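Atoms within each ligand, like the ligands themselves, are counted from 1 in listed order. Bear in mind the structure is a predicted one, so any value in this text is a computation, not a measurement.
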Amino acid sequence: MKATFLLLACVVLLGLSSGGQADELKKHFYKKLCPQAEEMVQDLVWASVESNSTLPAKLLRLFFHDCFVRGCDASVLLDSTANISAEKDAIPNRSLAGFEVIDQVKAALEKACPGRVSCADIVALAARDSVSFQFQKPLWEVKTGRRDGNVSLASEALADIPSPGANFTRLVQQFASKNLDVEDLVVLSGAHTIGVGHCGIIRNRLYNFTGKGDTDPSLNATHAAFLKTQCSPTDRTTTVEMDPGSSLSFDDHYYVILKQKEGLFQSDAALLTDGKSSKIVDKLLDDGDFFDAFGKSITKMGNIGVLTGTDGQIRSNCRAVNR
Ligand code: HEM
Ligand SMILES: *[C@@H]1O[C@H](CO)[C@@H](O)[C@H](O)[C@H]1NC(C)=O
Ligand SMILES: *[C@@H]1O[C@H](CO)[C@@H](O)[C@H](O)[C@H]1NC(C)=O
Ligand SMILES: *[C@@H]1O[C@H](CO)[C@@H](O)[C@H](O)[C@H]1NC(C)=O
Ligand SMILES: *[C@@H]1O[C@H](CO)[C@@H](O)[C@H](O)[C@H]1NC(C)=O
Ligand SMILES: *[C@@H]1O[C@H](CO)[C@@H](O)[C@H](O)[C@H]1NC(C)=O
Ligand SMILES: *[C@@H]1O[C@H](CO)[C@@H](O)[C@H](O)[C@H]1NC(C)=O
Ligand SMILES: *[C@@H]1O[C@H](CO)[C@@H](O)[C@H](O)[C@H]1NC(C)=O
């Protein structure tokens, strides 16, 4: 009876998994192909972060932008060509950075194991390792075996990357289209516990919310007054911390400031406009299990539309398709 049940469970599980490419990702995919790969990524990324503490935010955001457009296929790394404007040149690229770290890791891996380790896996590992430097141990597990895509289109980034002005309904829609649910939306937004945003993105919130010279009422008035001292009405280039005072520390403090109505973007504030979403915020704070939740959700994100097996290619230069 027990055996039959186990057998049945296995069949069901296999049946469920056969459809999703994500399950072709493996723990330590490079164990035989390039045994030192994961350690090399960690060493190089940690050295970079040690000398530049803003990098975890850059590399984490890069992973998000990669996965949301055409899946986690390193399309975000491709440079534009003479006739094609790539994702990184789309408006929502909004200051994507960290590319030179990926290039450095890739160069080292090409030397150690030519043609073996994909740019897409480097992006996934670099996001994890950069954030984890603070803890000196990996904060979540990354399965590997992703392969690199051939296509990167600015127009797709425009369509698939959520706007900082998006309302809750729109955010839920855009996450659902990537098989991510409301829990994932709330948990992954917690990434805004590190990093900065540009004044240009919030100036309407501060100075002209409805076109009448007003301030967004969903923004904490005290905080709005502070932000106005940082961002003049015409300033697009200054940056402000998304989790003030804690923007280099990966922690659950984002939810604390969110509840004080200090989330930097409308898309942050939007998480409090829905009952279910608000409850998730409270629960994350009450249970103190943001790290576990983040690990689960970013693993889902890292499975979006991955190319595996013989699909795609292993780029030799992350900025260009192999020719
Ligand atoms: C929910 C929808 C989201 C929206 C609308 C959004 C929007 C933005 C915007 C507008 C910025 C500021 C860019 C700039 O001014 O330079 C930003 C920064 C950032 N985002 Fe998001 N984001 C979202 C979700 C995510 C997710 C899921 C992650 C990662 C898992 C993420 C990670 C980051 C990080 C780390 C930064 C800081 C980058 C830096 O310091 O340079 N975001 N986001
Ligand atoms: C882009 O331009 C090159 C020549 O400059 C051409 O060979 C190639 O087919 C073009 N690609 C597309 C997608 O139009
Ligand atoms: C982002 O796009 C703009 C053009 O919209 C471009 O000037 C800029 O170099 C791009 N940023 C990156 C990192 O590629
Ligand atoms: C840190 O890295 C960011 C992103 O690559 C870069 O813009 C910045 O200039 C670097 N800062 C230092 C001090 O090297
Ligand atoms: C949310 O934004 C979408 C456009 O992105 C808009 O069509 C919709 O009316 C908005 N919903 C609410 C409740 O404001
Ligand atoms: C505020 O927005 C309105 C409507 O979009 C616009 O006509 C006006 O010029 C804006 N004012 C400023 C100071 O940007
Ligand atoms: C605004 O922020 C301050 C701390 O900066 C906090 O004490 C206050 O409760 C916040 N107001 C609201 C409405 O959340
Ligand atoms: C990418 O290009 C390579 C080489 O031209 C080709 O073998 C592969 O099928 C292409 N992959 C995808 C996903 O288009």
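- For the pair Lys88 and Asp79, the salt-bridge criterion is met [side-chain N within less than 4.0 Å of a carboxylate O].
- Here is the list of ligand 1 atoms found below 4.0 Å of a heavy atom in Ser163: 5 (C).
- Looking at Ala57 against ligand 1, both its backbone and its side chain come within 4.0 Å, counting heavy atoms.
- Atoms of ligand 1 found under 4.0 Å from any heavy atom of Ser189, numbered from 1 in the order shown, are 1 (C).
- With distances taken over non-hydrogen atoms, the option nearest atom 14 (C) of ligand 1 out of Lys178, Arg236, His198 is His198.
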> Given Phe290 and Phe250, is the ring pair (Phe, Tyr, Trp, His ring centres under 6.0 Å) satisfied, shown in steps?
Replying inline: CA-CA 10 Å; Phe290 170 59; Phe250 192 86; 5.5 Å; yes
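- Judged purely by atom type and a 3.5 angstrom limit, Asp73 has no side-chain atom pairing as donor or acceptor with the backbone of Arg147.
- The shortest separation from a heavy atom of Met242 to ligand 1 is under 4.0 Å, placing the residue in contact.
- Asp148 contributes a side-chain N or O that, together with a main-chain N or O of Arg315, makes up a donor-acceptor pair within less than 3.5 Å.
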> Step by step, would you call Ser218 with Arg205 a side chain to side chain donor-acceptor pair (under 3.5 Å)?
Replying inline: CA-CA 9 Å; Ser218 76; Arg205 267 195 111 190; 3.2 Å; yes
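- For the side-chain contact (heavy atoms from CB on, under 4.5 Å) criterion with Asn204, the lone passing option out of Ile202, Ile201, Asn208 is Asn208.
- Counting heavy atoms under 4.0 Å from ligand 1, residue Leu185 touches it through the side chain alone.
- Ion pairing between a basic and an acidic side chain is recognised when a charged N comes within 4.0 Å of a carboxylate O; Lys259 and Asp282 show such pairing.
- Applying the 6.0 Å contact sphere to CD of Glu39 captures no more than 12 heavy atoms from other residues, nucleotides or ligands.
- The distance criterion of under 3.5 Å between nitrogen or oxygen atoms is not met by Lys212 with respect to ligand 6.
- In this structure, the protein non-hydrogen atom closest to atom 4 (C) of ligand 6 is Gly211 CA, 3.8 Å.
- Using a 4.5 Å cut-off between side-chain heavy atoms of Ile, Leu, Val, Met, Phe, Trp and Tyr, with links allowed through other members, Leu248 and Tyr255 fall into different hydrophobic clusters.
- Closest protein heavy atom to atom 11 (N) of ligand 4: Asn52 ND2, 2.9 Å.
- Side-chain contact check for Thr215 versus Lys228: some heavy-atom pair is nearer than 4.5 Å.
- Looking at Arg70 and Asp160, no side-chain N of the basic residue comes within less than 4.0 Å of a carboxylate O on the acidic one, giving no salt bridge.
- Under a 4.0 Å criterion applied to the non-hydrogen atoms of Thr54, ligand 4 contributes the atoms 1 (C), 2 (O), 3 (C).
- In terms of N/O distances under 3.5 Å, ligand 1 is approached by Lys58.
- Contact annotation for Phe265 and ligand 1: only side-chain heavy atoms (C-beta onward) come within less than 4.0 Å of the ligand.
- In Thr54, neither the side chain nor the backbone holds a heavy atom less than 4.0 Å from any atom of ligand 1.
- For Phe68, the heavy-atom gap to ligand 1 stays at 4.0 angstrom or more.
- Polar contact with ligand 1: absent for Ser267 (N/O pair, distance under 3.5 Å).
- For a threshold of 3.5 Å applied to N or O pairs, the pair formed by Ser95 and ligand 1 contains at least one separation below that value.
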> What do the steps show when you test Gln134 against Ser249 for side chain to side chain donor-acceptor pair (under 3.5 Å), and what is the final call?
Replying inline: CA-CA 8 Å; Gln134 178 192 342; Ser249 172; 3.3 Å; yes
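- When atom types are taken as modelled, the side chain of Asp43 and the backbone of Met40 share no donor-acceptor pair closer than 3.5 angstrom.
- The nearest protein heavy atom to atom 9 (O) of ligand 6 is not closer than 4.0 Å.
- Protein heavy atom closest to atom 5 (O) of ligand 4, with residue, atom name and distance, is Glu100 OE2, 2.7 Å.
- The shortest heavy-atom distance from Ala166 to ligand 1 is not under 4.0 Å.
- Contact annotation for atom 2 (O) of ligand 4: protein present (non-hydrogen atoms, distance under 4.0 Å).
- Here is the list of ligand 6 atoms found below 4.0 Å of a heavy atom in Asn208: 1 (C), 2 (O), 3 (C), 8 (C), 10 (C), 11 (N), 12 (C), 14 (O).
- Considering backbone and side-chain N/O of Lys58, none are found under 3.5 Å from N/O of ligand 4.
- Those atoms of ligand 1 that come under 4.0 Å of a heavy atom in Pro162, given as number and element, are 2 (C), 5 (C).
- Looking at Val101 against ligand 4, nothing comes within 4.0 Å, counting heavy atoms.
- Residues Glu141 and Lys27 form a side-chain contact, since some pair of their non-hydrogen atoms from C-beta on lies under 4.5 Å apart.
- Atoms of ligand 1 lying under 4.0 Å from at least one heavy atom of Pro164, given by number and element, are 5 (C), 10 (C).
- At a cut-off of 3.5 Å, with distance as the only test, a side-chain donor of Asp214 or Thr210 sits close to an acceptor on the other residue.
- Those atoms of ligand 1 that come under 4.0 Å of a heavy atom in Gly195, given as number and element, are 37 (C), 40 (O).
- Those atoms of ligand 1 with a heavy atom of Gly197 less than 4.0 angstrom away are 12 (C), 14 (C), 15 (O).
- The shortest N/O to N/O separation between Val196 and ligand 1 falls below 3.5 Å.
- Which of Arg61, His192, Glu241 comes nearest to atom 22 (N) of ligand 1 through a heavy atom is settled by distance: it is His192.
- Close approach to Ala191 involves these atoms of ligand 1, each under 4.0 Å from a residue heavy atom: 28 (C), 29 (C), 30 (C), 31 (C), 32 (C), 35 (C).
- Put simply, the side chain of Gln174 gets close to the backbone of Ala159: a donor and an acceptor are under 3.5 Å apart.
- Judged by distance alone, with hydrogens and angles left aside, the side-chain atoms of Glu110 form a donor-acceptor pair with the main-chain N or O of Gly115 at under 3.5 Å.
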